[in-house]
Amino acid sequence: MRFSNVAASLAAFGLLSLGVFGSGCGGEDTPPSQPPPSGANCALTAECVTTDPTCIALVDNAGQTEFGLRMSQIIISKPATLAAASFIGKTVASGVALKDLKCNLDGSGTFSWLLHFDTTTNTVCTGGAKPVASPADGYTFVNEMVGGFNITPIKFTSDLSQGSFEVMEGQDIIVPVYTAEGGEPILLPLKKARILDGKLSSNNNCVGSYNAEGLDPLNLCKPYPEENQFTFNNAGKIEGYITLEDADAVEVDLAKKSLCALLTGKDDGATPIAKCARDANGKIDYKGDWCDATNAAADGTCADAVQLGAEFAASAVKINGGCPL
């Protein structure tokens, strides 16, 4: 199974769009070694045009029975090889972040994960969207064939009356990760994906909030994951897993390795793309921490997958359609 040939796009996307690589003096943004001045923080100024500064929302969802949000931050916690300070973790973060320097946002905005809520039916629709020329114009769920695979959002039921949302029964979803280089997206095949502990603001504009106090003005108010500095305070979780076989089919060309090799830290040394090492029977010999057959922690008989975990924040956007409601 092959999901996409990312060419150099993944790496170029991460290196060129990450604020931590090369826009400061001397070609680098070196995080400050000294603390910021007393009382200084990265509070939004009047130059930041936003409907709701709580989370830099683009539209107002207050009073609406159907409304949409876009994940404004995704921080991967599992596996450690994809954590926030890793290359892939930073690449994901930069792709999710919008580009609006007046609002201290310095990403590319090409990777969009949407949430559509319907309070009359207590349902939530979630999935990916293509990059847009202007975020103010809104987003549309990808609901089409891409690279031979059916990319479509998933819908789940959740009691939204108290402003919280989660799903306990996970569903399989292929998440399209679009890059700044254009072309077909990287397709990330998540199994039994679910959202937990999601918390909406009282006006339905935000999941989480802008983290003015947690950013450093001496670092230009940019995220710095090595010091646990992030643009938003998260208020939701994503869980799921990816099988090692599926991960071995996702190629990261600049690294010259498959996603499986990056996840496990071990490869077969093959060229042009190194993949996970296999035993004499052709099976991946790395033991993951999860089991596909049981959707549970790995044991002595099944260890063919890796659990994925992340936290997220989200901000209100216009959603134009694409979800089968």
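Index from 1, following the sequence.
- For the pair Lys130 and Glu144, the salt-bridge criterion is met [side-chain N within less than 4.0 Å of a carboxylate O].
- Scanning all heavy atoms of the two residues, the minimum distance from Ala57 to Asn205 falls at CB-O, 4.1 Å.
- No side-chain heavy atom of Phe232 sits under 4.5 Å from any side-chain heavy atom of Ser209.
- Using a 4.5 Å cut-off between side-chain heavy atoms of Ile, Leu, Val, Met, Phe, Trp and Tyr, with links allowed through other members, Leu188 and Ile186 fall into the same hydrophobic cluster.
- Listed for the Thr140 side chain is no donor-acceptor partner under 3.5 Å among the backbone atoms of Asn320.
- Under the 4.5 Å side-chain heavy-atom criterion for grouping Ile, Leu, Val, Met, Phe, Trp and Tyr, Val167 is connected to Leu69 within one hydrophobic cluster.
- A donor-acceptor pair under 3.5 Å links the side-chain atoms of Asn41 to the main chain of Ala43, judged by distance alone.
- Among residue pairs with one or both ends in residues 214-252, those qualifying as disulfide (SG to SG under 2.5 Å) are Cys42-Cys221; sequence neighbours excluded.
- Remark: Lys283 does not engage Glu245 in a salt bridge, criterion side-chain N to carboxylate O under 4.0 Å.
- Taking the salt bridge (charged side-chain N to carboxylate O under 4.0 Å, His left out) definition, one finds that Lys191 meets it with Asp292, sequence neighbours left out.
- Residues Leu308 and Leu82 meet the side-chain proximity criterion, which asks for heavy atoms closer than 4.5 Å.
- Under a hydrophobic-cluster definition in which Ile, Leu, Val, Met, Phe, Trp and Tyr are linked whenever side-chain heavy atoms come within less than 4.5 Å, directly or via other members, Val177 and Ile75 are assigned to different clusters.
- Of all heavy-atom pairs between Pro153 and Phe141, the closest is CB-CD2, 3.8 Å.
- Pairs engaging residues 152-216 under the disulfide (SG to SG under 2.5 Å) rule: Cys55-Cys206 [sequence neighbours left out].
- Among residue pairs with one or both ends in residues 56-111, those qualifying as disulfide (SG to SG under 2.5 Å) are Cys48-Cys103; sequence neighbours excluded.
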Going through the checks in order, is the side-chain contact (heavy atoms from CB on, under 4.5 Å) test met by Ile284 and Asp304? CA-CA 8 Å; Ile284 295 173; Asp304 60 351; over 6 Å; no
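- Other residues, nucleotides and ligands contribute over 12 non-hydrogen atoms within 6.0 Å of the NZ atom of Lys99.
- Looking at Thr264, its side chain does come within 3.5 Å of a backbone N or O of Cys260 through a donor-acceptor pair.
- Of the residues Arg194, Lys78, Lys192, the one that meets the salt bridge (charged side-chain N to carboxylate O under 4.0 Å, His left out) test with Glu239 is Arg194.
- The list of ring pair (Phe, Tyr, Trp, His ring centres under 6.0 Å) pairs with a residue in residues 42-85, not counting sequence neighbours, reads Phe67-Phe117.
- A salt bridge does not link Asp268 to Lys275: none of the charged nitrogens lies less than 4.0 Å from a carboxylate oxygen.
- Side chain of Ser86 to backbone of Ala83: a donor-acceptor contact under 3.5 angstrom is found.
- Not a single donor-acceptor pair under 3.5 Å links the side chain of Thr126 to the backbone N or O of Leu115.
- Trp113 and Val96 fall within the same hydrophobic cluster, defined by Ile, Leu, Val, Met, Phe, Trp and Tyr side-chain heavy atoms under 4.5 Å apart, directly or through other members.
- With a 4.5 Å cut-off between side-chain heavy atoms of Ile, Leu, Val, Met, Phe, Trp and Tyr, the cluster of Trp290 takes in Tyr241.
- Under the 4.5 Å side-chain heavy-atom criterion for Ile, Leu, Val, Met, Phe, Trp and Tyr, Leu244 and Leu187 are members of distinct hydrophobic clusters.
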Show your reasoning for whether side-chain contact (heavy atoms from CB on, under 4.5 Å) applies to Leu58 and Thr50. CA-CA 6 Å; Leu58 298 183; Thr50 173; 5.6 Å; no
